[in-house]
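No hydrogens, no waters, no symmetry mates; every other heavy atom, side chains included, goes into these values.
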Amino acid sequence: MEVTCKAMPYEAFKDNEYIEKLVKELNESGANVVVGSLDKLINWGRANSLWPLTFATSCCGIEFVSLGAARFDMARFGWEVARSSPRQADFIMVAGTIVNRMAPVLRRLYDQLAEPKYVIACGACAVSGGPFRKSYHVAKGIEDIIPVDVFIPGCPPRPEAMIYGIMQLQRKIKVEKFFGGVNRQEKQKEFLETHPVPGVND
């Protein structure tokens with residue numbers, strides 16, 4: 001059986017020119033083997049030890065609380081360390097209705113999250129305003145207040161849906177480039193500048 005790599009026969013690896021060309025291509029594309037391995041190791045650790053911020057404003061919060069119970073047991077995924085301080089949390093799951101008066105508080109909590117920070121919009125209210133979409137006092141989704149990484153639809157979403165949503169965040173973290181990738185902080189800063197919230201940094 002002939003072993004091939006990139007449609008090249010095994011004998012091609014004996015050719016020094018081919019190996020030098022492959023190394024040059026890897027270096028030019030920035031996919032250094034050592035750095036790539038470190039990326040995978042660091043992202044594996046980050047993705048499997050996500051600490052949520054305890055933040056819930058309505059019925060979605062009750063569903064999120066059930067993740068810590070025996071039936072769903074989010075501890076098996078490494079998410080059980082729910083923190084009450086944003087400075088010790090990795091992501092904020094906005095579980096519930098955000099009214100306009102709550103928007104500056106939500107932005108302030110987001111600003112205090114430790115880097116790198118992530119956001120999950122959980123439930124119809126956080127995604128689009130939900131049943132209160134046409135009311136004057138409820139935010140029409142939180143994507144105009146803070147940048148959102150994962151949306152979980154439902155009113156309220158079941159705990160299984162929340163687990164799936166956090167697993168999607170894990171997958172997103174695992175494919176990030178920790179070294180030499182797109183700078184998340186620059187993108188977040190650009191978002192915050194283009195989406196001002198009254199009452200924040202006034």
[Y] side chain reached by [X] side chain, heavy atoms, under 4.5 Å:
| X | Y | value |
| --- | --- | --- |
| D111 | R107 | yes |
| K140 | S128 | no |
| K172 | D149 | yes |
| R76 | I163 | yes |
| S85 | Q88 | yes |
| R46 | Y118 | yes |

Suppose we screen for side chain to side chain donor-acceptor pair (under 3.5 Å). Which residues come up paired with R158, at least two apart in sequence or across chains?
E160
Qualifying residue, where the test is side chain to side chain contact (heavy atoms under 4.5 Å, CB included) with [X] and the options are [options]:
| X | options | result |
| --- | --- | --- |
| I142 | I120, V119, V127, I92 | V119 |
| M93 | L50, V150, I152 | I152 |
| I98 | I146, V105, L106 | L106 |

For [X] against [Y], the heavy-atom pair lying closest together:
| X | Y | result |
| --- | --- | --- |
| C60 | G96 | CB-N, 3.9 Å |
| P159 | L67 | O-CD2, 3.4 Å |
| A47 | Q170 | O-NE2, 2.7 Å |
| P131 | C125 | CD-SG, 4.0 Å |
| N100 | V138 | OD1-C, 3.9 Å |
| L109 | P86 | O-CB, 3.7 Å |

Between atom [atom1] of [X] and atom [atom2] of [Y], what is the distance when rounded to the nearest 0.5 Å?
| X | Y | atom1 | atom2 | value |
| --- | --- | --- | --- | --- |
| H137 | M102 | NE2 | CE | 13.5 Å |
| D73 | S66 | CG | OG | 11.5 Å |
| S58 | F132 | OG | CZ | 7.5 Å |
| L113 | F91 | CG | CZ | 10.0 Å |

Report yes or no: do [X] and [Y] belong to one cluster of Ile/Leu/Val/Met/Phe/Trp/Tyr joined by side chain heavy-atom distances under 4.5 Å?
| X | Y | answer |
| --- | --- | --- |
| V81 | L53 | no |
| L169 | V175 | no |
| W51 | W79 | no |
| M162 | V65 | no |

Looking at D90 and K117, does any basic side-chain N land under 4.0 Å from a carboxylate oxygen?
no
In the hydrophobic clustering (ILVMFWY, side-chain contacts below 4.5 Å, transitive), which residues join Y164, or is it alone?
none
